[in-house]
Amino acid sequence: MSSTNPIPNLEAGIQYWATQPANYDGVLGGFGTGSLPRVDSLGSRRFLLDLLPELSTVPSPFRSLSAPPSETKRVRALDVGAGVGRVTSDVLLHLVSDVVLLEPVEVSWKGIADRSKSVTFLQGALQSFDPVVPGTPLDRVGYLPQGGDDETETGFDVIWCQWCLGHLRDDDLVLFLQRSKKALRDGRSLIVVKENICGKQNEPVTVFDEQDSTFTRSDLAFRNIFRDAGLKIIEEKIQHGLPKGLYPVKMYALREA
């Protein structure tokens with residue numbers, strides 16, 4: 001590893017991931033068959049439910065399960081750098097109605113069990129992707145609107161960014177977050193960043209990994225980027241329970257500053 005001048009290269013990153021198995025073990029660096037996937041997904045769900053308790057699928061003061069479907073808002077999420085769709089299937093589809101999945105390479109999806117929900121597939125890189133105008137989808141599975149306006153086509157309630165932002169240079173990441181901010185539906189909508197962090201908390205450190213052409217950023221490096229993108233941190237939390245020897249993983253919930 002080096003912390004000098006190298007910067008992420010999109011093509012080098014895509015070439016690296018093309019050599020990895022298209023399964024949990026491949027996208028999680030060999031940790032896909034242990035406890036990491038379950039610990040990570042449960043931590044992500046809990047983090048999101050603490051922020052948006054109305055997404056709970058059990059009876060609560062925030063959401064009545066007896067409400068007719070026509071009176072229940074469809075909640076839409078964007079999963080960027082989605083890989084094999086692990087976050088979509090293990091986190092987001094448990095809590096939201098519709099997920100738009102973005103990945104720079106083609107994703108193989110076997111289908112969706114709950115036909116009241118949907119997954120829409122987009123192919124593209126974060127460096128140029130605009131969530132406000134996401135483009136023409138490759139495919140969509142699950143729920144399809146029965147004519148009329150489709151609420152799933154405008155804006156996002158949640159934009160989820162996990163283990164992918166290291167592929168962006170600092171200026172590209174600021175621009176992507178600025179575009180994402182404009183795609184949030186309302187004042188309760190949020191962007192979630194869940195990434196490895198390195199270095200000391202009071203230093204804006206960036207470490208380059210030549211193997212997959214990515215940055216690992218320190219907490220302060222992320223905070224500076226969020227500030228430059230016009231975002232504020234409304235909640236932050238370290239993901240506990242991951243295997244020893246890995247970088248710490250931190251979750252940030254962001255809204256417009």
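Note that the structure is a prediction, hence the values are computed from the model and not measured.
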With sequence neighbours excluded, what pairs up with [X] under the side chain to side chain donor-acceptor pair (under 3.5 Å) test?
X    : result
R115 : none
D212 : T214
E236 : R223, K250
D228 : none

Nearest 0.5 angstrom please: [X] [atom1] to [Y] [atom2], how far?
X    : Y    : atom1 : atom2 : result
Y247 : C198 : OH    : SG    : 5.5 Å
I225 : L254 : CD1   : CG    : 11.5 Å
E256 : L190 : CD    : CG    : 13.0 Å
F156 : S180 : CZ    : OG    : 9.0 Å
R140 : S118 : CZ    : OG    : 4.0 Å

**Request:** Test side chain to side chain contact (heavy atoms under 4.5 Å, CB included) on V80 and F176 and set out the steps.
**Result:** CA-CA 11 Å; V80 302; F176 168 71; 4.1 Å; yes
**Request:** Evaluate side chain to side chain contact (heavy atoms under 4.5 Å, CB included) for D40 paired with W163, printing each intermediate quantity in order.
**Result:** CA-CA 12 Å; D40 172 71; W163 288 331; 3.9 Å; yes
**Asked** Would you call R74 and D98 a salt bridge, taking side-chain N to carboxylate O under 4.0 Å as the test?
**Response**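 Here R74 pairs with D98 in a salt bridge, since their nearest N and O are under 4.0 Å apart.
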Who pairs with [X] by side-chain contact (heavy atoms from CB on, under 4.5 Å), at least two apart in sequence or on another chain?
X    : answer
D50  : R46
S189 : D157, L184, R185, D186
E103 : L101, V105, V107
A257 : K232

With a 3.5 Å cut-off and sequence neighbours excluded, list the donor-acceptor pairs that the side chains of residues 121-138 form with protein atoms.
unit_1 : atom_1 : unit_2 : atom_2 : d
Q123   : NE2    : P104   : O      : 3.2
Q127   : NE2    : H167   : O      : 3.2
D130   : OD1    : V132   : N      : 3.0

**Prompt:** Rest of the hydrophobic cluster containing L175 (Ile/Leu/Val/Met/Phe/Trp/Tyr, side-chain heavy atoms under 4.5 Å)?
**Reply:**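 L175 shares its hydrophobic cluster with no other residue.
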**Prompt:** Are E54 and R188 close enough, and set up right, to give a side chain to side chain contact (heavy atoms under 4.5 Å, CB included), and what steps lead you there?
**Reply:** CA-CA 11 Å; E54 62 269 28; R188 285 189 57 74; 3.0 Å; yes
**Item:** With F222 via ring pair (Phe, Tyr, Trp, His ring centres under 6.0 Å) - residues at least two apart
**Value:**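 By the ring pair (Phe, Tyr, Trp, His ring centres under 6.0 Å) rule, F222 matches F226, Y252.
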**Item:** salt bridge (Lys or Arg N to Asp or Glu O under 4.0 Å): pairs with one or both residues in residues 159-171, sequence neighbours excluded
**Value:**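 Passing the test, one end in residues 159-171: R169-D171, R169-D172, D170-R217.
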**Message:** Less than 3.5 Å apart, any donor N or O on the side chain of Q162 or D79 sitting next to an acceptor on the other?
**Reply:**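 No.
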**Prompt:** Should V96 and I112 be counted in the same cluster of Ile, Leu, Val, Met, Phe, Trp and Tyr side chains packed under 4.5 Å apart?
**Reply:**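 Result: yes, single cluster for both.
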**Request:** For side chain to side chain contact (heavy atoms under 4.5 Å, CB included), just list the numbers for I7 and F208, CA-CA rounded to whole Å, side-chain angles, deciding distance to a tenth of an Å, and then say yes or no.
**Result:** CA-CA 7 Å; I7 58 174; F208 182 74; 5.6 Å; no
